[in-house]
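All of these numbers come straight from a predicted model, not from anything done at the bench. Below, chain A is the first sequence line, B the second, and so on; all start at residue 1.
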Amino acid sequence: MPELVVRTALAETLVPWYRAAARELPWRAPGFGAWGVLVSEFMLQQTPVSRVIPHLEAWLERWPTPAALAADAPAEAVRQWANLGYPRRALWLHRAAVEIRDRHAGVVPRDVDALLALTGIGDYTARAVAVFAYGDRHPVVDTNTRRVIARAVHARAQPGAPSRRDLADMDGLLPADDEAAAVMNAATMELGAVVCTARSPRCGECPIRDACAWVASGSPATPDVRRRQARYEGSDRQARGAVLRALRESGPLPQEAVIPDWPDARQRDRAIATLVSDGLIEPEDGLLQLPRG
DNA sequence: AAGGCGTGGTC
DNA sequence: TGACCAAGCCT
């Protein structure tokens with residue numbers, strides 16, 4: 001029963017390791033606040049910790065509350081987002097701030113279903129906020145957690161395709177106590193981030209190595225179902241990124257003056273059209289600009 | 001439900 | 001060098 005072995009190891013070995021070795025990250029500071037946690041989780045969606053930290057601090061200095069962000073135009077959020085990537089997260093974070101102001105009196109909700117109803121918040125982010133900001137007991141499952149469970153419990157080198165089963169897996173590993181469960185969620189993510197990594201896991205430094213089903217079975221290669229990322233060079237995504245960068249840095253521009261030297265004019269026009277459709281840019285008096293809201 | 005969606009660092 | 005990877009979400 002690898003689950004019981006792993007559960008015991010998480011409680012007795014992983015959590016003490018985490019208490020001693022956890023990185024000091026801004027959102028782990030006592031009293032960081034639910035808004036700060038929520039903003040950090042938006043930024044951390046597919047973006048590394050090291051790139052997020054400076055942007056997070058600037059963001060919270062400018063907009064210390066959801067209402068402060070909601071009072072500005074979405075254009076300001078997209079511009080402040082700068083080069084963090086996936087700029088629709090900036091748009092969605094702004095929308096979520098408006099929804100928090102209008103539906104929750106400006107207070108980040110604590111209830112998972114209320115969080116899930118906010119724009120840009122899914123299974124991971126909703127539970128991360130409920131657990132790390134409010135201390136409630138929920139399974140928090142991100143890519144790190146999925147990898148740790150795949151190896152330690154299921155003896156696989158890599159996780160399978162994401163599924164609701166992941167939440168049940170993690171829930172079964174958590175202790176009953178709210179506070180202890182929150183720490184275990186964080187510790188599991190930390191282990192996946194710094195030890196049980198995707199490419200070269202540091203099994204020699206792993207606090208739960210003795211309980212790991214994958215190590216016990218000889219660390220075999222197993223079927224890999226991960227999605228391959230499409231090539232970026234020459235892609236529509238690259239064109240969209242170039243368009244948005246130009247509008248962020250040079251203000252409103254005529255369509256023909258946005259990335260005028262782009263090698264593929266049809267791709268440029270397609271990028272502009274999909275950005276408009278996504279609400280990331282808008283045409284106004286013959287000029288393209290960031291959304292004024 | 002499979003694919004689209006940025007950007008930069010690493011090996 | 002190019003492919004992989006990074007605290008996902010939406011349609």
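Atom C1' of nucleotide B:dT7 and atom CZ of A:Arg51 are separated by 4 Å, given to the nearest angstrom. The CD-C1' distance, from A:Glu233 to B:dG8, rounds to 13 Å in whole Å. Across the protein-nucleic acid pair, A:Glu249 atom CD and B:dT7 atom C1' stand 13 Å apart, rounded to whole Å. A:Arg146 places its CZ atom 14 Å from the C1' atom of C:dA6, with the value rounded to the nearest Å. Protein atom CD1 of A:Ile259 is 13 Å distant from nucleotide atom P of B:dG6, rounded to whole Å. C:dC9 atom C1' lies 17 Å from atom CE of A:Met43, rounded to whole Å. The interatomic distance linking A:Leu93 (CG) with C:dG8 (C1') rounds to 14 Å, in whole Å. Rounded to an integer number of Å, the gap from CG of A:Leu44 to P of C:dA7 is 9 Å.
Contact between the side-chain N/O atoms of A:Gln46 and the OP1/OP2 oxygens of C:dA6 is not found at any separation under 4.0 Å. Within the 4.0 Å cut-off from OP1 or OP2 of C:dC5, not a single side-chain nitrogen or oxygen of A:Arg227 is found. A close approach under 4.0 Å does occur between a side-chain nitrogen or oxygen of A:Tyr232 and OP1 or OP2 of B:dT7. Between A:Thr125 and C:dC9 there is a side-chain N or O to OP1 or OP2 distance below 4.0 Å. Dashed line: the shortest gap from a side-chain N or O of A:Arg231 to OP1 or OP2 of C:dA3 is under 4.0 Å. Applying the 4.0 Å criterion to OP1 and OP2 of B:dG6, one finds that A:Arg240 has a side-chain N or O inside that range. The phosphate of C:dG8 has neither OP1 nor OP2 within less than 4.0 Å of any side-chain N or O from A:Arg89.
For CZ of A:Arg23, the number of neighbouring non-hydrogen atoms (other residues, nucleotides, ligands) closer than 6.0 Å is greater than 12. Surrounding CZ of A:Arg62 are more than 12 heavy atoms belonging to other residues, nucleotides or ligands, all under 6.0 Å away. Environment of CD in A:Glu249: crowded, with over 12 heavy atoms of neighbouring residues, nucleotides or ligands closer than 6.0 Å.
The listed nucleotides are C:dA7, C:dC5, C:dC10; the one nearest the side chain of A:Gln229 is C:dC5. The side chain of A:Thr143 lies closest to C:dG8 when the candidates are B:dT7, B:dC5, C:dG8. The side chain of A:Arg248 sits closest to B:dT7 out of B:dT7, C:dG8, B:dC11.
A donor-acceptor contact under 3.5 Å is not formed by the side chain of A:Arg237 with the base of B:dG4. Between the side chain of A:Thr47 and the base of B:dG6 there is at least one donor-acceptor pair of N/O atoms closer than 3.5 Å.
Base contact: A:Arg199 has a heavy atom under 4.0 Å from a base atom. Within 4.0 Å of A:Leu84, counting heavy atoms only, lies at least one base atom of the nucleic acid. A:Trp81 comes within contact range of no nucleotide atom at all, as no heavy-atom separation falls under 4.0 Å. Counting non-hydrogen atoms under 4.0 angstrom, A:Pro87 reaches the backbone sugars and phosphates but no base. Heavy atoms of A:Leu91 sit nowhere under 4.0 angstrom from any nucleic acid atom. Heavy atoms of A:Ala198 sit under 4.0 angstrom from primed sugar atoms or phosphate atoms, though from no base atom. At a threshold of 4.0 angstrom between heavy atoms, the contacts of A:Asp123 are confined to the sugar-phosphate backbone, with no base atom among them. When heavy atoms are screened at a 4.0 angstrom cut-off, A:Arg147 is found touching the sugar-phosphate backbone but no base atom. Among the heavy atoms of the strands lying under 4.0 Å from A:Arg23 is at least one base atom, whether or not backbone atoms are also near. Here A:Arg88 lies in heavy-atom contact (under 4.0 Å) with a base.
A donor-acceptor contact under 3.5 angstrom links the side chains of A:Gln267 and A:Trp262, judged on distance only.
When each of A:Ala230 and A:Asn83 is assigned the nucleotide of DNA chain B with its nearest heavy atom, A:Ala230 is the one assigned upstream, toward the 5' end. Positionally, the nearest nucleotide of DNA chain C for A:Arg226 lies more toward the 5' end than for the other of A:Leu116 and A:Arg226. Residue order along DNA chain C, read from the 5' end via each residue's closest nucleotide, puts A:Glu41 first among A:Glu41 and A:Leu118.
Transitive grouping of hydrophobic side chains (ILVMFWY, heavy atoms separated by less than 4.5 Å) brings A:Val37 and A:Val39 into a common cluster. Linking Ile, Leu, Val, Met, Phe, Trp and Tyr residues whenever their side-chain heavy atoms come within less than 4.5 Å leaves A:Leu275 and A:Tyr86 in two separate clusters.
When the P atom is compared between B:dA2 and C:dA7, the two are found 24 Å apart, to the nearest whole Å. With both ends at atom P, the span from B:dG4 to C:dC4 equals 16 Å, rounded to whole Å.
Side-chain contact between A:Leu191 and A:Cys206: present, with at least one pair of heavy atoms (C-beta onward) separated by less than 4.5 Å.
With hydrogens and angles ignored, the 3.5 Å screen pairs no side-chain donor or acceptor of A:Thr197 with any backbone N or O of A:Val194.
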